[in-house]
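Here's the structure we're looking at; comments come further down.
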Amino acid sequence: MNCMWAADEDVTPAHLNFAAQEVGPYEFVKSSNKGSNPNPAPAAADAAGTVILTGGQVSETLNANVAGFNKGCHIVSSDYGNMLLIKGNGSTEEPKLEAADALGGWLEIHMYTESDFPTQTPVRFQFVSKVIGGVTTGSAFKVAVYNFGGSTENSPLPPQNAYVDMDTKWWPVIQDLNVSTVLGPDQIPLRIKYSIPANHLNGRAIYIASIKFTANPSTECPTFDPINFDGWDTPDGSPVSSAVEGVESAQGFVAWDRQNIYLNEMELGSTVYIYSITGALVKTLQVNDSFMEVPMNQGVYVVKYGDKTSKVVL
């Protein structure tokens with residue numbers, strides 16, 4: 001089946017592509033009273049392309065609580081594209097938007113892919129989020145990717161910390177899925193499980209900047225130094241431009257062919273950042289010549305220099 005999917009092909013389900021959603025309410029439309037996992041799982045036809053809530057404050061018989069949660073869910077615009085905001089009761093974030101009702105228990109958000117999701121093909125998963133309002137010491141928001149039919153067995157991606165009490169910036173989880181565990185059609189659609197600790201919706205706002213699945217990634221999966229990495233300043237990992245940098249447009253231009261990216265006439269000593277199409281930083285370069293040739297694997301990249309951005313397809 002690999003031949004069906006091109007290199008660096010975006011296979012993110014439409015309902016999880018927040019950048020393409022219109023600004024306005026975002027609704028988690030189903031609920032389950034099966035605790036932390038919808039088990040038995042819903043029929044594949046019902047699960048595909050849906051989002052299901054479970055948890056201590058959500059059940060099939062507590063529809064008022066589901067509606068209360070949905071009140072705080074919004075697609076909002078930003079300088080980095082549209083993203084999902086989950087605004088908890090008591091949060092002052094985006095004051096004109098409605099907050100969720102007070103919900104004291106833990107919540108699990110299960111976000112399903114469609115039934116035609118790639119199988120037996122390398123797939124990279126990216127989840128970028130930020131919590132406004134602090135996280136209690138010892139608590140952690142978590143994200144995982146499970147096979148459709150299992151709760152904790154055959155996990156393409158076991159639970160990862162999505163945000164902890166030490167985090168203050170945007171936090172990326174970028175991992176290549178263990179697709180060897182996806183053994184048959186009964187394992188699709190996949191299920192993203194996002195876990196909110198008990199009482200951690202109240203007084204807080206959660207931004208989910210992006211959820212991405214990329215088939216056949218052409219670059220190595222980025223790794224982050226566990227000691228020195230403290231998160232991203234921006235939702236896509238790009239550096240924050242200063243006011244001085246924005247006064248005058250950066251000089252130079254980018255060109256490319258099937259094997260190289262060319263940096264032309266850029267300011268000596270300036271920095272160039274090359275990102276994968278999934279938003280991962282691939283290379284950082286210091287400009288030391290009026291013409292620089294940068295060998296790259298075939299794929300889609302974003303080159304940022306000063307206040308300019310160029311999309312490159314090799």
Side-chain angles (χ1 to χ4, degrees), residues 5-12 17 19-20 77-83 122-128 130 169-176 209-314:
W5 310 98
D8 295 307
E9 182 171 352
D10 189 344
V11 292
T12 307
N17 183 4
S77 61
S78 79
D79 291 340
Y80 300 89
N82 293 352
M83 60 183 65
V123 175
R124 183 164 296 162
F125 171 69
Q126 175 173 307
F127 185 97
V128 181
K130 185 175 185 178
K169 300 181 179 180
W170 295 94
W171 199 265
V173 175
I174 306 175
Q175 297 281 346
D176 287 333
S210 65
I211 296 174
K212 294 182 180 178
F213 291 94
T214 304
N216 295 314
S218 62
T219 59
E220 291 188 9
C221 189
T223 57
F224 303 106
D225 186 334
I227 297 176
N228 297 316
F229 180 67
D230 63 351
W232 284 349
D233 291 319
T234 58
D236 62 359
S238 59
V240 177
S241 297
S242 69
V244 174
E245 290 175 330
V247 171
E248 183 176 336
S249 181
Q251 69 182 48
F253 64 96
V254 173
W256 62 92
D257 56 23
R258 297 296 293 174
Q259 297 178 316
N260 301 283
I261 294 175
Y262 302 104
L263 310 180
N264 300 271
E265 304 297 335
M266 294 183 178
E267 182 180 355
L268 295 180
S270 63
T271 305
V272 177
Y273 302 89
I274 301 178
Y275 298 86
S276 71
I277 196 63
T278 62
L281 182 62
V282 177
K283 287 188 177 183
T284 302
L285 302 145
Q286 294 294 122
V287 177
N288 55 21
D289 201 339
S290 60
F291 175 81
M292 293 178 62
E293 180 180 290
V294 185
M296 300 291 294
N297 294 326
Q298 290 189 357
V300 182
Y301 301 95
V302 175
V303 182
K304 295 193 174 184
Y305 52 107
D307 57 355
K308 289 184 177 180
T309 300
S310 297
K311 183 178 180 180
V312 172
V313 181
L314 302 186

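What you see below is based on every heavy atom in this structure, not just the backbone, and it leaves out hydrogens, waters and symmetry mates.
Taking all atoms of both residues into account, the shortest heavy-atom contact from Pro217 to Pro122 is CD-O, 3.7 Å. Taking both residues in full, the closest heavy atoms of Met83 and Ser78 are given as CE-OG, 3.3 Å, listed atom of the first, atom of the second, then distance.
Looking at heavy atoms from C-beta onward, Met266 lies out of side-chain contact with Met292 at the 4.5 angstrom threshold. Within the 4.5 Å cutoff, no side-chain heavy atoms of Phe253 are placed close to those of Ser310. The shortest distance between side-chain heavy atoms of Tyr305 and Ser270 does not fall below 4.5 Å. At least one side-chain heavy atom of Tyr262 sits less than 4.5 Å from a side-chain heavy atom of Asp257. The closest side-chain heavy-atom distance from Val282 to Met296 is below 4.5 Å. Annotation: side chain of Trp170 is in contact with side chain of Lys130 (closest heavy-atom distance under 4.5 Å).
Looking at Gln251, its side chain does come within 3.5 Å of a backbone N or O of Glu265 through a donor-acceptor pair. A donor-acceptor pair is defined here as one N or O able to donate and one able to accept, closer than 3.5 Å; such a pair exists between the side chain of Asn216 and the backbone of Trp5. With hydrogens and angles disregarded, no donor-acceptor distance shorter than 3.5 Å links the side chain of Asn260 to the backbone of Glu293.
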Notebook entry, point to check: Do Val254 and Leu263 pass the side-chain contact (heavy atoms from CB on, under 4.5 Å) test, and can you show the C-alpha distance, the side-chain angles, and the key distance before you say yes or no?
Noted result: CA-CA 5 Å; Val254 173; Leu263 310 180; 4.3 Å; yes
Notebook entry, point to check: Can Thr271 and Gln286 be said to form a side-chain contact (heavy atoms from CB on, under 4.5 Å), step by step?
Noted result: CA-CA 5 Å; Thr271 305; Gln286 294 294 122; 2.7 Å; yes
Next item on the list: For the pair Asp236 and Tyr275, evaluate side-chain contact (heavy atoms from CB on, under 4.5 Å) and give the outcome as yes or no after the intermediate values.
Entry: CA-CA 9 Å; Asp236 62 359; Tyr275 298 86; over 6 Å; no
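Residues forming a side chain to side chain donor-acceptor pair (under 3.5 Å) with Asn17 (at least two apart in sequence, or on another chain): none. With sequence neighbours excluded, the residues satisfying salt bridge (Lys or Arg N to Asp or Glu O under 4.0 Å) with Asp176 are Arg124.
Atom-to-atom distance recorded for Tyr301:OH and Thr219:OG1 is 6.0 Å, nearest 0.5 angstrom. The structure places CD1 of Ile211 at 5.0 Å from CZ of Phe127, a figure rounded to the nearest 0.5 Å. The structure places CD1 of Ile274 at 8.5 Å from OG1 of Thr284, a figure rounded to the nearest 0.5 Å.
Between the side chains of Asn297 and Ser218, not a single donor N or O lies within less than 3.5 Å of an accepting N or O. In this model, no donor atom of one side chain and acceptor atom of the other lie less than 3.5 Å apart for Glu9 and Thr214.
Ring geometry for Phe125 versus Phe213: interplanar angle of 30 to 60°, hence tilted. Classified by interplanar angle (parallel below 30°, tilted 30° to 60°, perpendicular above 60°), the ring pair Trp171/Phe229 is tilted.
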